[in-house]
Amino acid sequence: MSELSTKYDPKIIENEIYGKWLAAGLFKADNTSKKHSYCIVIPPPNVTGVLHMGHALNNTLQDILIRWKRMQGFEALWVPGTDHAGIATQNVVEREIAKEGIKRHDLGRDKFLERVWTWKEDRGNTIIHQLKRLGSSCDWSRTRFTMDEGLSKAVKEVFLRLFNEGLIYKGDYIINWCPRCETALSDEEAEHRDMNGMLYYIKYPVKGREKRDKENEDYIVVATTRPETMLGDVAVAVNPKDPRYVSLKGETLILPILNRELKLIFDENVDPAFGTGALKVTPAHDPTDFELGIKHNLPNINVMNSDGTINEIGEDYEGLDRFEAREAIIEDLKERKLFIKSEAHAHAVGHCYRCHTVVEPRLSKQWFVRMKPLAKEAIEVVREGKIKFYPDRWTKVYLNWMENIRDWCISRQIWWGHRIPVWYCKDCLKFKNVRDIEVDKPGIPGVYAGEGTIKKCSSCGGNNIEQDPDVLDTWFSSWLWPISTLGWPEETDDLKTFYPTDALVTAQEIIFFWVARMIMSGLKFRNNIPFKDVYIHGTVRDATGTKMSKSLGNVIDPLEVIEEVGSDALRYSIISITSQGQDVFLSKEKFDIGRNFANKVWNASRYVFMNLKEENLGGGVDASELTLADKWIRAKFNSTVEKVTKSLESYRFNDAASILYDFIWHSYCDWYLEFSKLTASSKNTQKILLNVLMGSLKLLHPIMPFITEEIWQKIPAKKGEWIMLETWPVADEGLNDQKAMDGMEKLIKIITSIRNIRAFWNIPVKAEIEVLFDVKTEEDRALIEDNVVYIKQFGRCKVKEVKKALKRPEQSVAALVDEIRAYIPLGEMIDVEGEIKRISSKIEEMDKFVKSLDKKLSNKSFVEKAPQEIVEKEEDRKKNYENQIKNLRDNIEALK
RNA sequence: GGGCGAGUAACUCAGCUGGUUUAGAGUGCUUCCCUUACAAGGAAGAGGUCACAGGUUCGAAUCCUGUCUCGCCCACCA
């Protein structure tokens with residue numbers, strides 16, 4: 001047989017194999033195939049991204065699924081791609097041009113976008129290349145990008161449909177504003193982090209009473225965490241039931257510093273227990289206050305510019321950054337004796353998920369999608385089980401979010417993205433700045449939403465038309481991913497064949513951003529769920545439990561790991577340590593698991609190849625000549641097939657990995673392969689050796705695609721064939737053999753016991769020992785005699801005698817396997833006392849079990865209520881132990 | 001404030017519907033072995049009141065309740 005190289009070198013193998021797969025077009029899926037389809041779509045990584053361990057885990061899981069299904073005979077499609085990551089990419093390019101001393105406004109919109117596209121072409125494919133290195137069997141011919149023509153068309157189509165249905169509107173609301181990116185963010189894009197902030201107590205004087213000295217009557221104390229927003233205060237609110245403030249009803253307050261008059265309003269939503277029970281009302285800078293403002297008909301005063309500096313309303317503070325203004329205002333208040341105190345106050349503060357700047361709640365005109373109507377059906381399909389989450393606990397998280405869904409802010413004040421397809425006639429609408437135009441419903445004269453550029457106003461005939469300057473949230477294109485990558489809105493063959501897709505594999509962080517919205521969009525625009533199963537894997541963390549991130553410098557670079565140990569080892573390791581949905585704690589040593597296993601597989605295959613003769617491999621296995629080990633390994637493999645398949649079906653990937661590890665390493669290599677050395681020339685042995693290896697390689701292929709393919713290609717009979725296109729093994733009931741399983745297990749125990757004795761008595765490796773077996777049954781006698789060569793070889797001993805009621809030889813020690821007694825005469829080497837001690841301690845140990853079983857069996861309730869088979873089992877066990885104890889006692893007698 | 005997850009061997013973790021588990025694996029540790037597949041290996045071994053307290057049950061690491069510790073997510077108490 002052809003040979004594998006002595007050393008396993010993943011670097012060479014992996015590059016070569018991947019190239020071969022690509023060249024042969026094996027990843028391409030046929031959309032006219034009559035086979036059942038199986039489809040997954042990649043969670044599109046951000047174009048600015050580089051492969052991190054999260055991706056490695058995510059893509060390995062998906063690749064396992066897709067390779068497994070492909071082998072099961074499905075027409076398997078895995079659609080890859082990237083999203084344009086509006087804010088992140090724009091930030092990257094802005095940073096790049098900043099090095100040349102240019103800002104984006106210097107370049108202008110068109111020129112800047114050209115730069116971004118150039119960047120995308122040059123650098124935006126990094127992650128795609130890296131995914132290939134991992135072995136991902138994506139259909140690269142179908143690679144998509146959210147700004148592609150097709151996907152852009154889908155985005156536009158969806159916007160227009162929703163707009164015309166009145167599900168998209170533009171209006172004034174408090175949104176999360178990132179002063180660094182200078183754009184609005186959705187609620188999900190503002191990450192809340194616990195911060196040790198301050199709560200500041202400030203006096204707001206009561207008008208006309210400033211000169212009085214009486215405490216509590218000449219001012220109200222207000223508590224705030226953001227004093228700078230007081231510049232935009234329009235009222236102070238208290239609870240109507242709060243006795244402290246009842247007497248002040250009808251009074252007017254004076255806003256410190258700016259000296260604006262403020263109403264004192266009474267509202268039940270104010271919590272008397274917080275701070276002083278008095279709330280400063282700043283409708284333009286706080287969501288709660290905004291609601292109050294509407295309810296009490298208060299004006300909105302916006303005091304900040306888009307970059308977070310104070311605007312002209314702030315008078316002397318104009319131009320100061322919000323945090324500088326905070327300090328300055330506090331100083332001024334102190335000077336005016338209007339500042340009372342500050343106290344530590346822990347609270348959650350929103351941060352921009354792209355640049356981590358503290359976001360500012362800010363009143364702003366933005367585009368929104370009404371989500372409640374979309375959520376309805378998305379809730380039903382999950383409730384009815386049409387879409388299932390794995391692990392199931394995420395169902396609740398999803399439903400909870402869905403049921404409390406809020407409108408989605410989809411406009412971003414950046415340039416990189418899908419521009420909002422809305423045009424305004426400035427003449428009809430009489431607005432200087434189109435941002436200020438409110439669009440609360442479709443069909444407003446002078447507001448046009450359309451696919452192509454609109455140049456002329458059909459209302460007034462004028463051409464003073466301007467397109468909305470904003471772009472859409474990146475997720476507004478990502479949420480269409482399952483339909484748009486398959487060709488929607490066109491009725492393509494891909495869409496017909498592969499939609500709905502089967503599984504979505506993703507991380508928990510993205511359930512709201514993406515999973516939930518895809519379900520809504522699929523139902524809305526395709527009238528069907530986008531996928532059936534959602535597998536949520538854990539977050540990859542470092543050994544201390546911190547999420548791996550570049551800025552923290554605690555990353556383990558998957559590509560470095562691949563360099564060192566290979567992609568197969570990386571894949572195996574990460575899968576084996578990821579139990580369903582649990583977070584993954586990584587450290588470099590963990591990759592040894594996969595490295596060692598790959599090495600084992602390689603060397604075992606090498607051994608098999610070395611011992612095979614091609615002329616022995618023709619025809620089937622001769623069933624009449626099967627050894628115990630043959631039957632055993634075949635039965636064991638059979639159950640492995642079953643278990644691995646079951647594990648994959650239930651998304652228990654780590655189970656699949658460890659079942660294979662255990663079978664290949666501990667059953668196949670440790671025992672079968674060792675046994676085979678004694679019958680290496682037998683045709684049967686060679687055939688079974690190869691058959692089981694081939695089956696194992698197939699089962700292992702989804703997890704370790706490269707090494708399995710490489711070995712497969714070296715099997716002469718498989719020359720020119722691909723393991724990745726092989727058929728997934730199916731369990732064959734005819735191979736199950738309980739008797740062989742039990743027999744082999746006993747044999748293994750016998751050999752182990754003999755080795756054990758050798759080690760225990762410190763018998764030199766080269767010293768020969770003899771074993772005599774005392775058996776109780778004919779079966780046991782046959783078992784030993786039939787397999788005596790193995791006992792000799794692996795127990796490193798001579799088998800002198802096997803018979804019933806054998807008398808214990810003098811000066812011997814005993815090993816016990818069930819009812820079999822093995823005696824090893826050691827002559828002068830043993831001290832009788834020591835052996836008696838050893839046996840006695842064993843008796844004690846067993847006595848404990850007998851006693852506990854006794855207790856159990858004498859318990860009437862147990863005997864009556866427990867299933868019959870369990871009672872019987874326990875009885876058998878007890879008998880067994882009692883027998884063993886009896887044997888051991890006899891042995892002590894014999895030694896004396 | 002709500003929700004979720006975790007606490008099992010020195011370390012990192014499995015253990016799915018309670019009984020074939022006398023609680024497993026990998027790493028580490030001890031002893032022996034470079035035996036022609038593999039020292040990235042082989043053989044043998046030590047090591048655990050399954051966080052704590054109750055409860056359900058004939059039977060609990062597993063189910064229920066509570067407590068403690070850690071981690072995460074959600075939430076407009078300024």
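These numbers were taken from a predicted model, which means no experiment stands behind them.
The CZ atom of A/R606 sits 9 Å away from the P atom of B/A39 (whole-angstrom rounding). The interatomic distance linking A/I870 (CD1) with B/A60 (P) rounds to 13 Å, in whole Å.
Of the N and O atoms on the side chains of A/Y204 and A/D233, at least one donor lies less than 3.5 Å from an acceptor on the other residue. Checked by atom type, the side-chain pair A/R606/A/N603 shows a donor-acceptor distance below 3.5 Å. Inspection of the A/Y201 and A/E343 side chains reveals an N or O donor paired with an N or O acceptor under 3.5 Å. With hydrogens and angles left out, the side-chain atoms of A/N239 and A/D271 include no donor and acceptor closer than 3.5 Å.
Atom name P, nucleotides B/A25 and B/A44: the rounded distance is 12 Å, in whole Å. The P atoms of B/C13 and B/G7 are separated by 9 Å, rounded to the nearest whole Å. Distance noted for atom P between B/G2 and B/U56: 29 Å (whole Å). Comparing B/A37 with B/G45, their P atoms are spaced 25 Å from each other, to the whole Å. Rounded to whole Å, the separation between the P atoms of B/U21 and B/U57 comes to 26 Å. Comparing the P positions of B/C11 and B/C50 gives a spacing of 16 Å, expressed to the nearest Å. Of the C1' atoms belonging to B/G41 and B/U49, the separation is 37 Å, rounded to the nearest Å. Taking atom C1' in both B/A60 and B/G19, the straight-line distance is 10 Å, to the nearest Å.
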Contacts under 3.5 Å, N or O only, protein and nucleotides 62-65 of chain B:
none

List every contact pair, protein side and nucleotides 74-76 of chain B side both N or O, where the distance is under 3.5 Å.
| residue | atom | partner | partner atom | Å |
| --- | --- | --- | --- | --- |
| B/C76 | OP1 | A/R406 | NH1 | 2.9 |
| B/C76 | OP1 | A/R406 | NH2 | 3.3 |
| B/C76 | O2' | A/T288 | OG1 | 3.3 |
| B/C76 | O2 | A/T288 | OG1 | 3.0 |

Between protein and nucleic acid, restricted to nucleotides 26-36 of chain B and to nitrogen or oxygen atoms under 3.5 Å apart, what atom pairs and distances do you find?
| residue | atom | partner | partner atom | Å |
| --- | --- | --- | --- | --- |
| B/G26 | OP1 | A/H666 | NE2 | 3.2 |

Quick test: give all pairs of protein nitrogen or oxygen and nucleotides 4-7 of chain B nitrogen or oxygen below 3.5 Å, distance rounded to 0.1 Å.
| residue | atom | partner | partner atom | Å |
| --- | --- | --- | --- | --- |
| B/C4 | OP1 | A/K396 | NZ | 2.8 |
| B/G5 | O2' | A/Q582 | NE2 | 3.3 |

Can you name the atoms? Protein N/O to nucleotides 45-51 of chain B N/O, anything below 3.5 Å, with the distance.
| residue | atom | partner | partner atom | Å |
| --- | --- | --- | --- | --- |
| B/G45 | OP1 | A/N756 | ND2 | 2.8 |

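Residue contacts for A/P867: at a heavy-atom cut-off of 4.0 Å it reaches a base atom on one of the strands shown. Within 4.0 Å (heavy atoms only), A/W761 reaches no atom of the nucleic acid at all. Using a 4.0 Å heavy-atom distance criterion, A/R595 is classed as a base contact. Among the heavy atoms of the strands lying under 4.0 Å from A/L673 is at least one base atom, whether or not backbone atoms are also near. Residue A/E674 is classed as a base contact, given a heavy-atom separation below 4.0 Å to a base. Using a 4.0 Å heavy-atom distance criterion, A/D271 is classed as a base contact. A/S658 comes within 4.0 angstrom of nothing in the nucleic acid, heavy atoms only. Contacts of A/D289 with the nucleic acid, taken as non-hydrogen atoms under 4.0 Å apart, are absent. Using a 4.0 Å heavy-atom distance criterion, A/H285 is classed as making no nucleic acid contact. Within the nucleic acid shown, A/L279 comes within 4.0 Å of at least one base atom, counting heavy atoms only. Contact annotation for A/Y881: base contact, defined as any heavy-atom pair under 4.0 Å involving a base atom. Looking at heavy-atom distances under 4.0 Å, A/K590 makes contact with sugar-phosphate atoms alone, never a base.
Comment: A/D742 does not engage A/K746 in a salt bridge, judged by the lack of any side-chain N to carboxylate O separation of less than 4.0 angstrom. No salt bridge links A/K7 with A/D9; every basic N to acidic carboxylate O contact stays at or beyond 4.0 Å. Using a 4.0 Å cut-off between charged nitrogen and carboxylate oxygen, A/K848 and A/E844 do not count as a salt-bridge pair. With respect to the salt-bridge test (charged N to carboxylate O, under 4.0 angstrom), the residues A/E564 and A/R595 do not qualify.
In RNA chain B, runs of at least 3 consecutive Watson-Crick or G-U pairs, each pair with both distances below 3.5 Å, span B:1-7 with B:68-74, B:10-13 with B:24-27, B:29-33 with B:41-45, B:51-55 with B:63-67.
Partners of A/E649 under the side-chain contact (heavy atoms from CB on, under 4.5 Å) rule, at least two apart in sequence or in another chain, are A/W68, A/T645, A/K646. With sequence neighbours excluded, the residues satisfying side-chain contact (heavy atoms from CB on, under 4.5 Å) with A/V349 are A/M195, A/H347, A/H351, A/V358. For A/F512, the ring-ring contact (aromatic ring centres under 6.0 Å, His included) criterion is met by A/W401, not counting sequence neighbours. Scored by the side-chain contact (heavy atoms from CB on, under 4.5 Å) test, A/E589 finds A/S587, A/D592 as partners (sequence neighbours excluded). For A/R758, the side chain to side chain donor-acceptor pair (under 3.5 Å) test picks out no residue, with sequence neighbours left out.
Side chain of A/Q686 to backbone of A/N611: a donor-acceptor contact under 3.5 angstrom is found. For the pair A/K590 (side chain) and A/F585 (backbone), a donor-acceptor distance under 3.5 Å is present. Using modelled atom types, no side-chain atom of A/N654 and backbone atom of A/I575 make a donor-acceptor pair closer than 3.5 Å.
Closest to the side chain of A/F862, out of B/A37, B/G19, B/A78, is B/G19. When the nucleotides B/C38, B/C58, B/A40 are ranked by their closest atom to the side chain of A/Y8, B/A40 comes out on top. With B/U12, B/A78, B/A37 as the candidates, the nucleotide lying closest to the side chain of A/F274 is B/A78.
Where A/K860 and A/N654 each meet RNA chain B at their nearest nucleotide, the meeting point lying more 5' is that of A/N654. Between A/T6 and A/N859, the one whose closest nucleotide on RNA chain B sits nearer the 5' end is A/T6.
Contact check, A/R652 against B/A14: no side-chain N or O comes under 4.0 Å of OP1 or OP2. For A/H345 and B/C77, the shortest distance from a side-chain N or O to OP1 or OP2 is not below 4.0 Å.
Between A/W602 and A/Y8, the two ring planes are tilted [angle within 30° to 60°].
Across A/F266 and A/Y245, no two heavy atoms sit closer than the pair CZ-O, 3.9 Å. A pairwise comparison of heavy atoms in A/A278 and A/I220 identifies CB-CG2, 3.5 Å as the closest pair.
The only option from A/K879, A/K856, A/K855 that meets the salt bridge (Lys or Arg N to Asp or Glu O under 4.0 Å) definition with A/E874 turns out to be A/K856. Of the candidates A/L697, A/T708, A/L693, A/L697 is the only one forming a side-chain contact (heavy atoms from CB on, under 4.5 Å) with A/V601.
Each side-chain hydrogen bond (donor to acceptor under 3.5 Å, both in side chains) pair with one or both residues in residues 660-669 of chain A, not counting sequence neighbours, appears once here: A/H666-A/D670.
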